[in-house]
Amino acid sequence: MNRSFKRSIFLFTFFIGFVFLISAEAIGQRIRVRGGDPTMTITTGIAGGQLQDVINTDCSLRYTTPRNPNRRWKITVGTICLGQSFYLSVVATNATRGTEEPEVSLSDGSPAVDLVTSIPRNSNNARCTLQYTASAVFAQGNSNDVGNDVHTVTYTLQLE
Amino acid sequence: MRVRTMERTKIPRENGIFGLYLITRIAIFDGKVLREKMKSFFSKMVIYPIAIAIFLLLSTQAAFCQVSRSHTVTVIVNPVTVMQLSTGTVNLNITGADAIAGQDEMSVTDQSTTIYWGTNCLAQKITIETNLDPQQFKVMSLAVSQTGGTPVEAEISTTPKDFLRDIERSSGNTRVRYTGIALASQGIGTDSHLITFTITTQ
């Protein structure tokens with residue numbers, strides 16, 4: 001084999017390795033939302049006060065971080081909700097790995113905010129409960145007049 | 001011979017992906033051709049793969065270091081309208097202490113009652129009515145110090161009368177001013193009312 005052919009073989013091997021690395025990284029970290037798509041309905045209020053909040057804890061996150069790189073990970077949350085009328089917030093509770101951050105108010109278009117931080121590498125199938133709180137004030141109206149708020153809530157597992 | 005014809009007619013550029021595909025197919029028939037074409041193909045493509053690899057590495061670094069999942073959360077707010085009264089019993093005693101000689105009408109007022117409301121519906125109103133019929137003495141009602149809406153003074157009867165109109169989506173309160181009115185000519189007596197306030201769509 002001449003020199004050119006050897007170089008070709010090297011390049012071919014390089015490509016295969018590169019693809020393998022990408023695949024390995026993609027498999028290394030995972031995040032899943034469990035519990036489906038919750039619907040929260042506010043039905044009562046206090047005269048002279050405000051509508052009563054509704055809390056939902058049916059959903060949870062499952063997350064796995066790879067052995068490498070040797071860095072900590074975090075989960076951020078953001079939402080898209082066109083024409084948002086009411087309030088929605090979320091907080092992670094009972095996280096088995098990582099640090100739970102304070103409650104996050106979910107507003108349409110706002111930047112993703114930290115939900116769980118300091119997740120160690122090589123965390124396998126860690127989980128946390130998602131506690132959603134829906135709230136509204138009387139002045140915001142009702143869904144019959146202004147429509148429902150449909151949030152597409154996105155959780156992102158990423159390096160800190 | 002057949003293989004070489006394909007080379008000349010169907011592989012105009014040896015570094016194309018389709019060319020590589022054909023080269024692979026050709027190789028099935030002729031191992032020699034494979035070696036020659038592979039050598040040619042890769043030797044001419046030394047710089048580009050490295051450049052592409054570096055580009056991909058840089059551009060996808062952030063992408064494959066994070067992974068996202070989404071779900072849908074729906075918030076529904078039902079129409080809610082609530083109201084509450086602060087006190088139970090109100091006594092309006094006309095004792096005659098303030099009576100003016102020569103004047104038939106005597107009156108007394110009370111503002112101890114507060115109404116609280118909350119509504120997320122448009123254009124609400126509060127009405128007032130009594131269960132007492134007939135009445136010996138007249139009782140008037142008026143909303144005062146209200147945080148919203150428009151007061152309407154009304155004589156209380158068994159027919160609902162507007163008490164506070166034009167209440168928008170809000171949480172608020174108002175005092176109720178009752179005025180008991182008696183004429184000296186009506187003599188003495190007691191009227192016992194069960195007053196009902198209702199918040200409803202205007």
Side-chain angles (χ1 to χ4, degrees), chain A residues 2 4-5 7-9 11-12 14-15 18 22 25-26 29-33 35-51 54 56 59 61 79 85-88 106 132 134 136-145 148-159, chain B residues 35-50 52-54 56-57 60-86 114-124 147-148 167-174 199:
Chain A
N2 63 24
S4 175
F5 188 69
R7 192 166 51 190
S8 302
I9 294 298
L11 281 172
F12 183 73
F14 173 79
F15 268 115
F18 183 71
I22 290 177
E25 279 291 345
Q29 68 265 8
R30 291 193 307 267
I31 186 168
R32 268 185 293 175
V33 183
D37 300 322
T39 295
M40 308 167 73
T41 305
I42 294 173
T43 59
T44 58
I46 298 171
Q50 285 305 339
L51 293 163
V54 174
N56 182 297
C59 297
L61 290 179
T79 187
S85 301
F86 314 115
Y87 303 123
L88 179 66
L106 297 172
Y132 285 106
V137 296
F138 284 112
Q140 290 172 323
N142 61 74
S143 291
N144 289 358
D145 295 338
N148 300 337
D149 278 1
V150 181
H151 292 259
T152 301
V153 183
T154 300
Y155 296 92
T156 302
L157 177 63
Q158 60 189 8
L159 286 168
Chain B
R35 204 172 71 183
E36 292 300 317
K37 292 300 172 187
M38 289 288 279
K39 279 166 59 181
S40 173
F41 178 80
F42 284 114
S43 63
K44 289 181 180 176
M45 293 289 288
V46 170
I47 297 301
Y48 300 116
I50 292 173
I52 290 169
I54 291 170
L56 284 175
L57 186 65
T60 60
Q61 179 70 30
F64 66 70
C65 281
Q66 67 179 42
V67 59
S68 297
R69 292 290 182 272
S70 300
H71 74 156
T72 301
V73 180
T74 304
V75 178
I76 299 170
V77 178
N78 287 348
V80 178
T81 298
V82 288
M83 190 175 63
Q84 186 180 352
L85 288 173
S86 64
T114 302
I115 295 177
Y116 299 93
W117 75 83
T119 180
N120 60 4
C121 301
L122 287 168
Q124 299 291 298
T147 60
I167 299 172
E168 293 302 319
R169 296 164 173 158
S170 62
S171 172
N173 63 78
T174 183
I199 185 165

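Letters A, B, ... mirror the listed sequences (proteins, then strands); counts begin at 1.
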Could you report the tightest heavy-atom contact between [X] and [Y], atom names first, then the distance?
X	Y	answer
A:Gln158	B:Gln66	OE1-OE1, 3.0 Å
A:Ala134	B:Val75	CB-CG1, 3.9 Å
A:Asp145	B:Asn120	OD2-O, 4.3 Å
A:Gly48	B:Ser171	C-OG, 3.0 Å
B:Val67	A:Ile31	O-CG2, 3.6 Å
A:Ala47	B:Val82	N-CG2, 3.5 Å

Could you check whether any side-chain heavy atom of [X] comes within less than 4.5 Å of a side-chain heavy atom of [Y], counting everything from C-beta outward?
X	Y	result
B:His71	A:Val153	yes
B:Val80	A:Asn142	no
B:Val73	A:Met40	yes

Under 4.5 Å heavy-atom distance to chain B, tell me which part of [X] shows up: side chain, backbone, both or neither.
X	value
A:Thr79	neither
A:Phe86	side chain
A:Ala136	side chain
A:Leu106	neither
A:Leu157	both

* Answer yes or no: is there a donor N or O on one side and an acceptor on the other, between the side chain of A:Ser143 and the main chain of B:Val77, under 3.5 Å? => yes

* Please round to the nearest 0.5 Å and tell me the distance separating atom CD1 of B:Ile76 and atom CG of A:Asn148. => 4.5 Å

* Asked: OG of B:Ser70 to OH of A:Tyr155: how many Å apart, nearest 0.5 Å?
  -> 9.5 Å

* To do: Against chain A, label B:Thr72 side chain, backbone, both or neither, depending on which of its atoms sit under 4.5 Å from a heavy atom there.
  => both

* Heavy-atom count around A:Tyr87 OH within 6.0 Å, excluding the residue itself: above 12? -> no

* Asked: Can you check side-chain contact (heavy atoms from CB on, under 4.5 Å) on A:Asp37 and B:Thr74, steps first, answer last?
  -> CA-CA 8 Å; A:Asp37 300 322; B:Thr74 304; over 6 Å; no

